[in-house]
Asker: 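Below is the structure I would like to discuss, written out as C-alpha cells.
Just so it is clear, the model here is predicted, and its values are computed rather than measured.
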Amino acid sequence: MLITMKSKYVIFIIITLIIPFGFISCTTNDYDPEDYVSSILSGEYEKDGFWKLIVTENGKILEDYNYVRFDSKTLQTGDFKFVEVIPGIPILQFKNIPLKETETGFSCRMVYNEKEKHIIITGIISFGEMTINLSY
C-alpha cells in the first residue's frame with residue numbers, strides 16, 4: 001500500500017493535533033479531603049447570615065456586630081478577619097492561629113494587646129456556626 005505525500009501530510013496534522021490532548025489527560029485532579037472539609041468551614045460568619053455568628057462579651061450576648069471572615073486550608077491553623085465585631089476596633093486580623101479539634105468543632109484562642117486594650121478572643125467553629133467570646 002502506497003502512502004501518498006498528501007496522505008502523509010494529513011496524518012502528520014492529525015497526530016500533531018492529538019498529542020496535546022494526551023498531555024492534558026495526564027494531569028491529576030486528585031480529591032483532597034482536607035481541601036473539601038476546609039472549604040465547608042471557610043467563609044463569612046454573620047449574625048443573620050447563612051453562616052451563623054454568635055458573639056458574646058464576657059459571657060453576655062452582643063446584639064450589634066458585623067462579620068468574621070475565617071479561612072483555613074488544613075484545619076490546623078486559620079486566618080481570622082473581624083469586621084466591626086470587637087467594640088472600638090473596626091477591623092482586626094489574625095493569621096495562622098492554631099486550631100484544636102474538639103467534640104463540638106475547632107477551637108481557637110487569640111490575644112489582642114494594643115492601645116491599652118487587652119482582649120482575649122476565644123471561639124468554636126463548627127459546620128455553619130461560629131461562636132466568639134470577647135474577654136477583657
Asker: Considering non-hydrogen atoms only, spot the tightest contact between S72 and G78 and give its length.
Answerer: CB-CA, 4.1 Å
Asker: For residues 129-136, run the donor-acceptor check on the side chains, cut-off 3.5 Å, and write out each pair with its distance to 0.1 Å, sequence neighbours left out.
Answerer:
residue, atom, partner, partner atom, Å
N133, OD1, T56, OG1, 2.5
N133, OD1, G59, N, 3.2
N133, ND2, S135, OG, 3.1
Y136, OH, E57, OE2, 2.7

Asker: Scan residues 46-55 for pairs that pass salt bridge (Lys or Arg N to Asp or Glu O under 4.0 Å), counting only residues two or more places apart or in two chains.
Answerer: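 Passing the test, one end in residues 46-55: K47-E63.
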Asker: Verify the cluster assignment for Y67 and I121: are they in a single hydrophobic cluster under the rule of side-chain heavy atoms below 4.5 Å apart?
Answerer: no
Asker: Of all residues at least two apart in sequence or in a different chain, which pass the side-chain hydrogen bond (donor to acceptor under 3.5 Å, both in side chains) check with T104?
Answerer: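 With sequence neighbours excluded, T104 shows a side-chain hydrogen bond (donor to acceptor under 3.5 Å, both in side chains) to T102, given in chain and number order.
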Asker: Report, one line per pair, each donor and acceptor closer than 3.5 Å where one atom sits in a side chain of residues 84-99; sequence neighbours left out.
Answerer:
residue, atom, partner, partner atom, Å
E84, OE1, N66, ND2, 3.4

Asker: Y45 side chain to I125 main-chain N or O, any donor-acceptor pair under 3.5 Å?
Answerer: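 The answer is no, because no donor-acceptor pair under 3.5 Å joins these two groups.
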Asker: Are M110 and Y112 co-members of a hydrophobic cluster defined by side-chain heavy atoms under 4.5 Å apart?
Answerer: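 Yes.
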Asker: Hey, can you tell me if F70 and F80 have their rings parallel, tilted or perpendicular (30° and 60° cut-offs)?
Answerer: tilted
Asker: Would you say CG of N58 has more than 12 non-hydrogen atoms from neighbouring residues, nucleotides or ligands within 6.0 angstrom?
Answerer: yes
Asker: Who pairs with R109 by side-chain hydrogen bond (donor to acceptor under 3.5 Å, both in side chains), at least two apart in sequence or on another chain?
Answerer: none
Asker: State the CZ-CG distance between F106 and L41, to the nearest 0.5 angstrom.
Answerer: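 The CG atom of L41 is 6.5 Å from CZ of F106, to the nearest 0.5 Å.
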Asker: Shortest non-hydrogen contact from S126 to G105?
Answerer: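 Looking at all heavy atoms of both residues, the closest pair is CB-CA, 4.2 Å.
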Asker: Checking D79 now: which residues fulfil salt bridge (charged side-chain N to carboxylate O under 4.0 Å, His left out) with it, not counting sequence neighbours?
Answerer: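 Testing D79 for salt bridge (charged side-chain N to carboxylate O under 4.0 Å, His left out), a comparison that skips the adjacent residues, returns none.
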Asker: Can you get from I61 to W51 by hopping between Ile, Leu, Val, Met, Phe, Trp and Tyr side chains that sit under 4.5 Å apart?
Answerer: no
Asker: Are V68 and I124 linked, directly or through other ILVMFWY residues, by side chains that come within less than 4.5 angstrom of each other?
Answerer: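 V68 does not cluster with I124.
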